[in-house]
Structure formats: structure tokens, C-alpha cells
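Here the structure is laid out as C-alpha cells; the discussion comes afterwards.
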Amino acid sequence: MASIRQSVEVRVPLAAAYNQWTQFEEFPRFMEGVREVRQLDDAHLHWRADRHGRTVEWDSEITEQVPDQRIVWRDLGGPGNYGSVRFQPLQQDLTRVDLEMELAPQLPGGDQAQHESELRRRVEQDMLRFKQMLEEQGDASGAWRGDIGSGTAGQVGKPRGD
């Protein structure tokens with residue numbers, strides 16, 4: 001497993017950064033190799049991505065989601081990734097986004113250290129593209145303010161994509 005930690009400071013208010021991250025179906029706009037993310041329900045996503053010349057698909061589950069604070073997930077089958085993203089206000093219009101992931105690189109052969117280095121570079125670039133996309137937009141394209149993990153999933157806030 002590769003442990004990856006990446007942070008980025010985005011020049012938007014905390015709620016805008018958090019709200020944009022909840023727009024999972026827009027992940028292909030900034031995540032390298034991700035072709036599609038479908039929201040199955042409040043806590044489940046289906047992913048389709050290109051990895052080393054082949055298409056892979058898997059499901060993931062959001063195990064905890066607290067508005068303006070954090071989102072925690074795990075893969076259900078597939079790559080075996082899990083992690084969290086946390087949001088911290090630094091100033092009124094500046095938010096720190098901290099991503100922590102454990103990834104199981106599923107690559108044929110080769111040097112494991114090289115594979116992990118490639119994963120780190122990809123995640124770093126994804127975070128920079130997230131920053132650029134959101135700062136250019138100026139605000140989130142949608143929001144979902146519900147809690148997951150506290151028994152109130154889907155009962156608070158408006159639906160994703162609205």
C-alpha cells in the first residue's frame with residue numbers, strides 16, 4: 001500500500017471547497033484517468049477509470065461525511081483504496097484541503113517505488129487541478145450538506161448537483 005498525503009490551499013470560502021468536493025460526478029474534470037463517477041445513492045459511487053491502458057471499474061462507499069469538515073471513504077472491491085479529505089478554513093476566502101489516501105497500486109511488474117512515485121505525482125496534480133477548477137469557477141457547481149455516519153444520511157441539505 002502507498003500512503004499519500006497531499007494538501008492544497010484554495011482561494012474560496014470553506015463551504016465552496018467542501019460543496020464542490022461533494023460533486024463526485026464532476027471528478028473526471030480534475031482527476032487524471034477517471035472517466036466517470038456515478039452517484040448510486042448518498043453513500044455509494046461507481047467509478048470507471050483508465051489505468052495503464054485498460055479500463056477498470058469499482059464501487060466505493062462513503063463511511064463518514066460531516067459538512068464543512070470531512071469525507072471518509074473506502075473501496076468495495078476494485079483497487080482497495082481508502083482515505084479521507086478534510087477541510088480547514090484559513091481565512092474567510094482561503095481553505096486548506098487535506099487529502100490522505102492508502103492506495104494499493106495494481107500494476108503489472110516493475111519497480112514498486114516507481115509506481116508509488118507515479119501515484120503521488122498523479123494525486124498532487126489532481127489536487128492542483130481541483131484548486132484551479134474551483135478558483136476559476138469562483139463557487140461550487142452544486143452541494144450536498146448531508147451527514148453520513150450519524151444516522152441522518154440524505155436528510156439534511158439539498159441533493160448533489162442541484
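Numbering starts at 1 and runs along the sequence shown.
- Of all heavy-atom pairs between Glu26 and Ser141, the closest is OE2-OG, 2.7 Å.
- Taking each heavy atom of Ala140 and Leu134 in turn, the nearest pair found is N-CD1, 4.1 Å.
- A side-chain donor-acceptor contact under 3.5 Å links Arg120 to the backbone of Ser3.
- In this structure, Val85 and Tyr18 have side chains that are not in contact, with every pair of non-hydrogen atoms separated by 4.5 Å or more.
- Note that CD of Glu116 is 9.0 Å distant from CG of Leu103, once rounded to the nearest 0.5 Å.
- Counting heavy atoms from C-beta on, the side chains of Met127 and Val97 come closer than 4.5 Å.
- Contact detail for Asp59 and His46: the closest heavy-atom pair is OD1-ND1, 2.6 Å.
- Follow the hydrophobic side-chain contacts under 4.5 Å out from Val10 and you reach Leu128 in the same cluster.
- Between the side chain of Glu135 and the backbone N or O of Val12, no donor-acceptor pair lies under 3.5 Å.
- Of the inter-residue distances, the one linking Arg129 atom CZ with Met31 atom CE reads 9.5 Å to the nearest 0.5 angstrom.
- Side-chain contact between Gln65 and Asp42 is absent, with no heavy-atom pair separated by less than 4.5 Å.
- The closest side-chain heavy-atom distance from Phe87 to Asp68 is not below 4.5 Å.
- No side-chain heavy atom of Glu9 sits less than 4.5 Å from a side-chain heavy atom of Gln91.
- Heavy-atom minimum distance, Ser84 versus Trp73: N-CZ3, 3.2 Å.
- Exactly one of Asp126, Val123, Val8 qualifies for a side chain to side chain contact (heavy atoms under 4.5 Å, CB included) with Leu99. That residue is Val123.
- Hydrophobic cluster membership of Leu90, counting Ile, Leu, Val, Met, Phe, Trp and Tyr whose side-chain heavy atoms lie under 4.5 Å apart directly or via other members: Leu94.
- Residue Arg74 holds its CZ atom at 15.5 Å from CD of Glu102, rounded to the nearest 0.5 Å.
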| said: Between Phe24 and Ile62, does the side chain to side chain contact (heavy atoms under 4.5 Å, CB included) criterion hold? Intermediate values first, please. | reply: CA-CA 11 Å; Phe24 302 112; Ile62 298 165; 3.5 Å; yes

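- Considering CZ of Phe27 and CD of Gln20, their distance stands at 9.0 Å, rounded to 0.5 Å.
- Counting heavy atoms from C-beta outward, Tyr82 and Thr63 have side chains that stay 4.5 Å or more apart.
- Under a 3.5 Å cut-off, the side chain of Glu25 and the backbone N or O of Gln39 do form a donor-acceptor pair.
- No donor-acceptor pair under 3.5 Å is formed between the side chain of Asp98 and the backbone N or O of Arg5.
- More than 12 heavy atoms of other residues, nucleotides or ligands sit less than 6.0 Å from atom CZ of Arg48.
- Taking 4.0 Å as the cut-off between side-chain N and carboxylate O, Arg121 and Glu32 count as a salt-bridged pair.
- Clustering ILVMFWY residues whenever any of their side-chain heavy atoms sit less than 4.5 angstrom apart, transitively, puts Leu45 in a cluster other than the one holding Val72.
- Looking at Arg96 and Ser7, their side chains do bring a donor and an acceptor atom within 3.5 Å of each other.
- Relative orientation of the Trp21 and Phe30 rings is tilted, given thresholds of 30° and 60° on the angle between their planes.
- Here the straight-line distance linking atom OG1 of Thr95 with atom CZ of Arg86 works out to 15.5 Å at 0.5 Å rounding.
- Within the 3.5 Å criterion, the main-chain N or O of Asp75 finds no donor-acceptor partner in the side chain of Asn81.
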